[in-house]
Amino acid sequence: MKIALCVKQVPDTTNIKWTENNTMQREGVESIINPYDVYAAELALKIKESIDKDVEITAFTMGPMQASDMLRKLISLGVDNGVLISDRKFAGADTYATGKTIAAAIKTVMPDFDLIICGQFAVDGDTAQTGPSIAGNLGISQVTYVKSFEKIDKKSIVLKRELDDGIETVKASYPLLLCVLQDTFEPRRPLINGIKLASKSEIKILSADDIGLNPEDVGLKGSPTFVSRAYRNLSNHNAQKYELSVEESAELLKNKLEEYCHSEFDLKSDNSQKEANDA
Amino acid sequence: MMPNQDYSGILIYAQLTRENYIHTVFYELLDKAKMLSKKLNGVDVNAVIFTNPKNIEGLEESFKNMGVNKVYYCDDKRLKDYSTQYYSKIIVDLVEQTKPEILLIGATNQGRDLAPRVSRALHTGLTADCVDLDINENGKLAATRPTFGGELMATILCKNYPQMATVRPNVFKVGSVEDYVNSEFILLDANLEGINNNVEIIDFKKTLETEINNLDNAQIIVAGGMGLKNEQGFKLLKEFADSIGGEIAASRPAVEAGFASKSIQIGQTGKTVRPKVYIACGISGAIQHTVGMENSERIIAINKDPEAQIFDIADVGIVGDFFDIIPKFLQK
């Protein structure tokens, strides 16, 4: 069985710093593996453990050369190969162009894949679009919001999906793409020989040429969307902070709630007015 | 970059829930679409829906006085349950025939599964989870969305047609626009030949009564975080909420610690709410949380840590211990 694992390196969003001009300060911001991709890797490794040794996992990422460190870390955990899709021409890609690029790389390196596993979201863009876009490019089915797998054999997999209103169980046959949500598990430690394996492994590097894409298909040129304006989202609430005694704090809370809920009554009367009009 | 004359009108996907009603996000999108239509010289606002065969009678009722010009519907029994492959195929066929300039989809689980497949098949762009939609001076859709967990806003344009966007439930308000247009109902052929659907639903366990819970319409929400320490803290939170007619909610860390259910989680991977008053208790205010509640009309924060980020977005910040202040409040 062959599994393509798709991962992304993202800036650590819990630690964003801003310049005076409200642009993001990129220097000194640490890059991490997208947290949802850790769950994707975990699912791939669990599948590998549950079947037999005959499972090959290849991790794919699109990004700058330093992203190969992340691929080596995954190899130390039990992933077999790493593929870095890297080319200056890929810069500025939106999810449409990214889906096309990653799909082309998988087709080039692993055309006989059974499963593609992605994280549900990336914490930087949070579009949840790249996984389905890869599946669309390859013309295969997808299962999103995957929480865990129940059963797996050579032909199909039974999965649990966590949706807004409940838990859905689906059975799907290969080839198939999965987008994985977080699940609870113990973080993996590297294999005993993992670090050595990782340092010895050769990371395959692919350019646009290598995967048969023209410059106009990739990066900014190949992207139907573009950012016309970016600005910082500043709160419009006027923070007033009070450090008072317990008694005074409770009193303040009561007064503020009365003040705010008073305007709530106004809103309610507006609604009743509207309902009267509707009738 | 001028509008393309071949493409005109706005198409909205109307998702039918498991309980067979139209998801509320459709009405939120419809209101916004009518505003966009006005700026586009009154182009048609149309909808596409997949009904159960037994449900067609209710269709006219659901769209009554909604101002939808055309309702395209499909009632093939293969479409009873959502299928990525089938649903996207039919929407793609419809778009190729009717050429709308804008296609809007609610960012529900289903919408987020569907929209990228449609966008890829139509070779057009898609902007996810928009918080604002407008028409720019060139007649193009300007879609604004938060990135980096809500800290940066980006306004995105699309070179191709249709210009696609998804919007989360509860981001737009349902307005009071009344429109007595008589909708035209058009039955679509389900041309699914050669489409391989290899995903089969074998079970569904409901964890919420409906996709909508009390939080969606609550005027007052009282939310707890890790500062509430344990389930006892949430009991006190519930008591507090009951005393002021509010609903309780929780931050993601509190849900993951098992203090509260996932169904009341607010934030990036939970619900987006916009109550009249939001009271954040023992919540640090990480952007993953605030992105789901910062549109609340008023925010009150109670936190022991005077440096907590939540104070940056609150109207009133009370520095103090929830376990001291709330029992005192309840005595009043």
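Letters A, B, ... mirror the listed sequences (proteins, then strands); counts begin at 1.
- We find the CG-CZ distance between A/Leu257 and B/Phe240 to be 5.5 Å, quoted to the nearest 0.5 Å.
- With rounding to the nearest 0.5 Å, the separation of CD in B/Gln331 from CD in A/Glu247 is 8.5 Å.
- If you measure heavy-atom distances from B/Ile300 to chain A, the contacts under 4.5 Å come from the side chain alone.
- Side-chain contact between B/Val199 and A/Leu176 is present, with heavy atoms from C-beta onward closer than 4.5 Å.
- Listed here is the closest heavy atom pair of B/Pro306 and A/Lys241: O-NZ, 2.6 Å.
- In this structure, A/Tyr96 and B/Leu126 have side chains that are not in contact, with every pair of non-hydrogen atoms separated by 4.5 Å or more.
- The part of B/Thr144 that comes within reach of chain A is its side chain, from C-beta onward, which places non-hydrogen atoms under 4.5 angstrom from that chain.
- When all heavy atoms of A/Gln129 and B/Ala128 are compared, the pair lying nearest together is OE1-CB, 3.0 Å.
- In this structure, chain A has heavy atoms under 4.5 Å from both the backbone and the side chain of B/Ile202.
- Each of A/Gly136, A/Ala230, A/Ala172 has some count of heavy-atom pairs under 4.5 Å with chain B, and the biggest count is that of A/Gly136.
- Of the two parts of B/Asp321, neither the backbone nor the side chain holds a non-hydrogen atom closer than 4.5 Å to a non-hydrogen atom of chain A.
- The nearest pair of heavy atoms linking A/Pro224 to B/Asn160 is CB-ND2, 3.8 Å.
- In this structure, B/Gln85 CD and A/Ile140 CD1 are separated by 8.5 Å, a value rounded to the nearest 0.5 Å.
- Taking each heavy atom of B/Lys332 and A/Ala250 in turn, the nearest pair found is CE-CB, 3.7 Å.
- A distance of 6.5 Å separates OG in A/Ser173 from CG in B/Asn196, rounded to the nearest 0.5 Å.
- When heavy atoms are compared at a cutoff of 4.5 Å, B/Phe323 does not approach chain A at all.
- Heavy atoms closer than 4.5 Å to chain B are found nowhere in A/Ala122, neither backbone nor side chain.
- Contacts with chain B were tallied for A/Gln120, A/Gln142, A/Glu162, A/Arg229; A/Gln142 has the most, counting heavy-atom pairs under 4.5 Å.
- At a 4.5 Å heavy-atom cutoff, B/Pro327 makes no contact with chain A through either its backbone or its side chain.
- Distance OH/A/Tyr260 to CD/B/Glu297: 11.0 Å, rounded to 0.5 Å.
- Using a 4.5 Å cut-off between heavy atoms, A/Ser156 does not touch chain B at all.
- A 6.0 Å sphere centred on NZ of B/Lys262 holds more than 12 heavy atoms belonging to other residues, nucleotides or ligands.
- Of the listed residues B/Ile326, B/Ile279, B/Ile299, the one with more heavy-atom pairs under 4.5 angstrom with chain A than any other is B/Ile299.
- The candidate with the highest count of non-hydrogen atom pairs below 4.5 Å against chain B, out of A/Val246, A/Leu252, A/Ile167, A/Asp94, is A/Ile167.
- Contact annotation for B/Asp113: both backbone and side-chain heavy atoms come within less than 4.5 Å of a heavy atom of chain A.
- Nearest heavy-atom pair across B/Pro116 and A/Ala128 is CG-O, 4.3 Å.
- By number of non-hydrogen pairs under 4.5 angstrom with chain A, the leading residue of B/Val319, B/Ile302, B/Thr127, B/Asp129 is B/Val319.
- When B/Asp203, B/Asn109, B/Asp81, B/Ile201 are each tested for a side-chain contact (heavy atoms from CB on, under 4.5 Å) with A/Glu168, only one passes: B/Ile201.
- Atoms OG1 and CG, from A/Thr144 and B/Leu114 in turn, are 10.0 Å apart once rounded to the nearest 0.5 Å.
- At a threshold of 4.0 Å, the pair A/Glu248-B/Lys328 does not count as salt-bridged, since none of the basic side-chain nitrogens sits closer than that to a carboxylate oxygen.
- Looking only at heavy-atom pairs under 4.5 Å with chain B, the residue among A/Val143, A/Leu163, A/Leu159 that has the most is A/Leu163.
- The shortest distance between side-chain heavy atoms of B/Arg145 and A/Thr127 falls below 4.5 Å.
- Between the side chain of B/Lys205 and the backbone N or O of A/Thr169, no donor-acceptor pair lies under 3.5 Å.
- Formation of a donor-acceptor pair under 3.5 Å by the A/Ser141 side chain with backbone atoms of B/Asn197 is not found in this model.
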